[in-house]
Amino acid sequence: MSTERVRVELGARAYDVVVGPAALGELAALLAGRRRVAVVSQAVVAAHHAEPLRRAIDAAGARHETFLVGDGEEHKRLATVDDLARRLAQWGLRRDDAVVALGGGIVADVAGFTAATYHRGVDVVQAPTTLLAMVDASIGGKTGVNLPEGKNLVGAFHQPLAVLADPSTLATLPERELRCGLGEVAKYALLGDDVLAATVDREAEAIRGRDPATLAGVVVRCARIKARVVADDERELTGRRAVLNLGHTLGHALEMAAGHELAHGEAVAVGLVFAGHLACVLERVPPAVATRYEEVVARLGLPVRAPAGLRAADVAELMRRDKKSAGGLTFVLPGPDGVTRVDDPDPAAVSKALAVVGIEG
Ligand SMILES: NC(=O)c1ccc[n+]([C@@H]2O[C@H](COP(=O)([O-])OP(=O)(O)OC[C@H]3O[C@@H](n4cnc5c(N)ncnc54)[C@H](O)[C@@H]3O)[C@@H](O)[C@H]2O)c1
């Protein structure tokens, strides 16, 4: 299996997403000449995957230390950043040193935000070990933590020096976490990447079975889409980056309404099916598109219907509170000009599409 590169074109801040078995080894060249490198990770991830990183940092001639942060969304908070920054300071990390984030989206966000603010910004390399982080969280420079008042309310844009993704690290990922990433893979396939969609059609079994070569191909296709969107709209100013929220308006609401019953990727999956149907009810696309949305989601083994017992009025209220909506109801939907943002569609159409995915009343 070869190692592939996707360039995130951001002028002076451009960088590569490196995907393949040799990806982590690239750290040696990337960090050559650095004095100290702080590896930020979580216990379970470090136990499985820190060794190749440490070897590469040794080869770069730098001193390294592994700093563990807590596992779970509740640790993605300012107290964790405070504690991590203090440990980095006590170890003597300086502005011209570097941080490596080894883990999923939580580590990417916590280590990325700490790197963005520590000494007013130190270099960070993202080494994602979940499918979600490989295709989404580690690319694009968005970093941040949660407040009790809401998710990701404190953060910064801080582009990494590189993203190094070795899909063989996904072998140790719990099944539920794999499904989180598969929801995003379905999204990218439906954002108009016909090659990725064809791969999902042909190789769904190999994807779900974590075949590293197949997953590498999938990560590269997804990374290309994310890289293109980020290059077009680095700081979410033009609205172009909003297409990445396909399936997420209902997805976020379902995560809140169904609690831990639904993994993030499963909630996004139902959100994608809903988006296909809503676009169809609004006559933006023919029924075949809604069918295709269901097909892609189902092939990846993800749910196409919401769990029983959710009330449409409650779910609509949660969607209205979505931080990306401007007070009304905002969706990202397929249409004649591709996937675009749609504000305040006809409530009757929304109810009809919610009913299709099993949310009524
Ligand atoms: N910054 C962004 O652009 C962006 C984009 C999407 C999501 N996110 C954020 O990402 C977070 C979710 O990330 P996630 O889904 O990766 O979850 P996560 O970081 O919590 O990782 C999931 C679990 O898998 C474990 N794990 C990670 N890699 C492993 C491996 N290879 N083997 C075994 N266990 C492993 C982790 O320790 C954790 O328990 C959310 O907080 C979300 O807001 C950020």
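Quantities reported herein were computed from a predicted structural model and do not represent experimental measurements. Start at 1 and go down the list; that is how both ligands and their atoms are numbered. Numbering starts at 1 and runs along the sequence shown.
Heavy-atom proximity to G105, at under 4.0 Å, picks out these atoms of ligand 1: 10 (O), 11 (C), 13 (O), 14 (P), 16 (O), 19 (O). If you number the atoms of ligand 1 from 1 as listed, the ones under 4.0 Å from a heavy atom of E73 come out as 40 (C), 41 (O).
Given atom 35 (C) of ligand 1, the protein heavy atom at minimum distance is L173 CD1, 3.6 Å. Closest to atom 36 (C) of ligand 1 among all protein heavy atoms lies Q42 OE1, 3.2 Å. At the top of the distance list for atom 28 (N) of ligand 1, counting protein heavy atoms only, stands T129 OG1, 2.7 Å.
Heavy atoms of K142 found under 4.0 angstrom from ligand 1 belong to the backbone as well as the side chain. Here H264 has no heavy atoms under 4.0 Å from ligand 1, in either its backbone or its side chain. Only the side chain of N152 comes within 4.0 Å of ligand 1, judged by heavy-atom distances. Residue contacts with ligand 1 for T172 involve both N, CA, C or O and side-chain atoms from C-beta outward (heavy atoms, distance under 4.0 Å). The proximity of D109 to ligand 1, defined as any non-hydrogen pair under 4.0 Å, is limited to the side chain.
The shortest side-chain heavy-atom distance between Y293 and P334 falls under the 4.5 Å cut-off. By the 4.5 Å heavy-atom criterion applied to side chains, R305 and V273 are counted as neighbours.
Among T169, D71, I106, the residue whose heavy atom lies closest to atom 18 (P) of ligand 1 is I106. One option in G144, G181, G141, A137 has a heavy atom closer to atom 2 (C) of ligand 1 than any other, and that option is A137.
Remark: E283 CD is loosely packed, at most 12 non-hydrogen atoms of other residues, nucleotides or ligands lying under 6.0 Å away.
With no hydrogens or angles considered, a side-chain donor-acceptor pair links H64 and D58 at under 3.5 Å.
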